[in-house]
Amino acid sequence: MAASTRQVAPAGPLEGAPARRAKRFLVGIAAIAALGGALFGYDTGVVSGALPFMERHFGLGSLGEGVITSALLIGAAFGSLAGGRMSDALGRRNSLLWAGAVFIGGAIAVALAPTVPFMAAARFVLGLAVGSASVITPLYLSEIAPPHIRGRLVSFNSLMIVSGQLLAYLVNAVLAHWAAWRWMLGLAAVPAVALFIGLFFLPDTPRWYISKGRPDDAAGVLRRTLPADAIAAELARIDHARSLEADARRGAWQELRTPWVRRLLLVGVGLAVVQQITGVNAVIYFAPKILATTGLGTNTAITATIAVGAISVVATAIGMSLIDRVGRRPMLITGLAGMALALGLLGAAFRLPHSPAVSFLVLGLMVLYMAFMQATLNTGVWLLLAEMFPLRVRGLAMGTAVFVMWLVNFSVALAFPVLLEAVGAGTTFWLFGAMCVLSLLFCRRYAPETKGLALEDLEEELRRAATAG
């Protein structure tokens, strides 16, 4: 779907003292907004360490494990759908404020849950915030970043997600010695409070201000990120893109019925499915359980999971440094090939007799798989979903794609413990490897390339490409 011609956005970086002020402004925005990503990571990763102790406390079987794990994910699915609509109506910043408040209340409720139904309900509510943040945070960062650093700034959200997961693994390893699973879950309230307070100091995005008829507010934000002589052209570009959409059709849902927009939405949904069916969250949610099948004890398996979180952070940082130079499509294709290889070897490793050496071999292959995943597919998919949809439906379309992502995530999390018990780890990971091969073929055929283009120029190019295709 990549088009044959490219028009790079003319607005380049600031220089001198203005450049330093712009950098501080953007770093501050990224640090606060991406706390939503860190909470996303912590709340999805912490269950891996808490689950073995919840099994004993609540007497959970394989299905119960799946229900507790996936309750957050079905909430995230609905939260992502609501988050897209809410961000279009209320603004990106105000919607993140709402998510921060729910993060605080949800974390406390989960930590105090007295029964399995209460725990499932509390994790569902917490999932509403996780899903909303998963849509709004990359959307916010993509719209406020200048084109020359948009890939790195949006990918910073991916770095914060895996950093949140690593923090969860570290907290799990420390608190596992006291079986303090309620503290594992409840500590998520601390960064949630920081997010909620920090958002009061942030503006909304120029594109949202323009969409609501507030050009002066949009110009005020652009003055902090672009050279003065580029602001008028950037405002005109944003407004022109909005006018084209407003003149062409009325209403976001009606626009989704336009063939070229519908094609983009289907590709976005496909990318969201690809990210989930290739097995990443089975590893994130159940790494200690997977390692325990090789003979490791509970506490040792929880501690070993730190390696999975650490490589995720390092790999995401590498992916961030490459994505604006290498491009989105090449990284997706390379990553899926590496993931397929790692999963094939991982499935074979589970056929070996249990021993400490096999346990570390399995851990090493899980780390290799996560390195490919986080450096390429995870970084690339989140960035593409934040970039590829037209302004008028960006929140709705991204929310729809992420809604599907969370539904598939829910299905994988619910089915994985049962599948692991039914067919074994080896066959399960071979199935994930086959999904990687199919996903590679999909990305080669349909994934767009968005490197180096302003969002408005990108919209015009994708329109031409989809119409021609």
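These numbers come from the heavy atoms of this one structure, side chains and all, not from hydrogens, waters or symmetry mates.
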Heavy atoms of Asn378 and Gln275 approach each other most closely as OD1-NE2, 2.7 Å

Across all chains, not counting sequence neighbours, the side-chain hydrogen bond (donor to acceptor under 3.5 Å, both in side chains) partners of Thr205 are Glu143

Students often mix this up, so state it plainly: with edges at 30° and 60°, are the rings of Phe124 and Phe78 parallel, tilted or perpendicular? tilted

For this session: Check step by step if side chain to side chain contact (heavy atoms under 4.5 Å, CB included) holds for Phe196 and Ile104.
Result: CA-CA 9 Å; Phe196 186 78; Ile104 296 169; 4.2 Å; yes

- For Glu55, look at atom CD and say whether over 12 heavy atoms of other residues, nucleotides or ligands are found less than 6.0 Å away. yes

Exercise. Where does the angle between the aromatic ring planes of Phe58 and Trp181 fall among parallel (under 30°), tilted (30 to 60°) and perpendicular (over 60°)?
Worked result: perpendicular

Smallest heavy-atom separation, Val358 atom then Pro353 atom, equals CG2-O, 3.1 Å

Practice task
Indicate yes or no: at least one non-hydrogen side-chain atom of Leu175 is less than 4.5 angstrom from one of Leu187.
Solution key: yes

- Message: Ring centroids only, cut at 6.0 angstrom: are Phe350 and Phe429 within range, meaning strictly under it?
- Response: yes

Nearest heavy-atom approach of Ala33 to Tyr140 is CB-CD2, 4.0 Å

For this session: Please assess Asn281 against Val412 for the test side chain to side chain contact (heavy atoms under 4.5 Å, CB included), listing each intermediate value before the final yes or no.
Result: CA-CA 8 Å; Asn281 285 314; Val412 171; 5.6 Å; no

Non-hydrogen side-chain atoms of Leu385 and Pro138 separated by less than 4.5 Å:
no

- Message: Are Val46 and Val171 packed together at the side-chain level, in the sense that at least one heavy-atom pair is separated by less than 4.5 angstrom?
- Response: no

* Is the distance between the ring centroids of Phe53 and Trp183 under 6.0 Å? -> no

Tightest non-hydrogen contact, residues Ile306 and Leu166, listed as O-CD1, 3.7 Å

Tightest non-hydrogen contact, residues Thr305 and Ala287, listed as CG2-CB, 3.7 Å

